[in-house]
Amino acid sequence: VRQWPWTPVLALGALTCPSVGPAVAPSAPPADGWGLERRETDPELVEQRLAKLHKRPFDRPQWRALEKAVGKRTLARRLIARAERSPEDVALGILAARAHLALDEPAKAAAILEFHAQRAGHHEARMFDLRIDALVAADTPDGAIAALRGRATTHPDTRSRGLQRAYEL
């Protein structure tokens, strides 16, 4: 067995030099409350997920995680209450519409989406599709067909897809 000549030097360096040795991770302050493991129902985690969902209202994984953590009805009630407190917030309007759809209230969802349609911004296409789904679920295909025809005249790039969907209704 061959020994390397620098082995004793490394061992001596590890004993005398404080920077060499096992790294110790800094710990969080005791008031922080963040542990390695958290339950899905922790209020901080739920609020964090709600904030993420507010930034991206069509985020399905966050929606499902929140439904699993607090339940469908509780999530819907929270989102509807937040939207009622901030009626001009488009993202909360989308979330409230999704909540109404989850509660089998598609007519309310369609009305909310129609209210926010002018301020939709980059959510316009997805909001429109969600509104059509809500109108169909509310058993008002005439409203959905009228909306699809109207969109076909204002958005020629999606005309064929919209008219095809209207025809299928």
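The structure presented is a predicted model; accordingly, all values stated were derived computationally and were not measured.
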> Distance from Arg78 atom CZ to Arg73 atom CZ, nearest 0.5 Å?
Replying inline: 15.5 Å
>> Counting C-beta onward and ignoring hydrogens, is there a side-chain heavy-atom pair between Leu135 and Ile145 closer than 4.5 Å?
In response: no
>> Just so I know, are the side chains of Arg126 and Ile94 near enough to count as touching, which here means a heavy-atom distance under 4.5 Å?
In response: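 No; the side chains remain at least 4.5 Å from each other.
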Is [Y] reachable from [X] through a run of hydrophobic residues whose side-chain heavy atoms are each under 4.5 Å from the next?
| X | Y | answer |
| --- | --- | --- |
| Ile80 | Val46 | no |
| Leu130 | Ile112 | no |
| Leu101 | Leu103 | no |

> According to the salt bridge (Lys or Arg N to Asp or Glu O under 4.0 Å) rule, which pairs have a member within residues 79-100, sequence neighbours left out?
Replying inline: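 Sorted result for residues 79-100: Glu47-Arg82, Glu88-Arg119.
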> Of Leu66, Asp59, Leu75, Val70, which is the lone residue that meets side-chain contact (heavy atoms from CB on, under 4.5 Å) with Arg49?
Replying inline: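 Of all the options given, the one that passes is Leu66.
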Under the rule for side chain to side chain contact (heavy atoms under 4.5 Å, CB included), what residues qualify as partners of [X], not counting sequence neighbours?
| X | result |
| --- | --- |
| Ala147 | Phe128, Arg131, Ile132 |
| Lys72 | Glu67, Ala102 |
| Pro87 | none |

Testing the basics here: between [X] and [Y], what is the closest heavy-atom pair and its distance to 0.1 Å?
| X | Y | result |
| --- | --- | --- |
| Ala138 | Ala107 | CB-N, 3.8 Å |
| Ala109 | Ala97 | CB-O, 3.3 Å |
| Ala91 | Pro57 | O-CB, 3.9 Å |
| Ala120 | Val90 | CA-CG1, 4.2 Å |
| Met127 | Ala117 | CE-N, 4.1 Å |

> For Glu105, which residues count as a side chain to side chain donor-acceptor pair (under 3.5 Å) partner, sequence neighbours excluded?
Replying inline: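 Partners of Glu105 under the side chain to side chain donor-acceptor pair (under 3.5 Å) test: His100.
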>> Please list all pairs meeting ring pair (Phe, Tyr, Trp, His ring centres under 6.0 Å) that have one or both residues in residues 48-93, counting only residues at least two apart or in different chains.
In response: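 Listed once each, the pairs are Phe58-His123.
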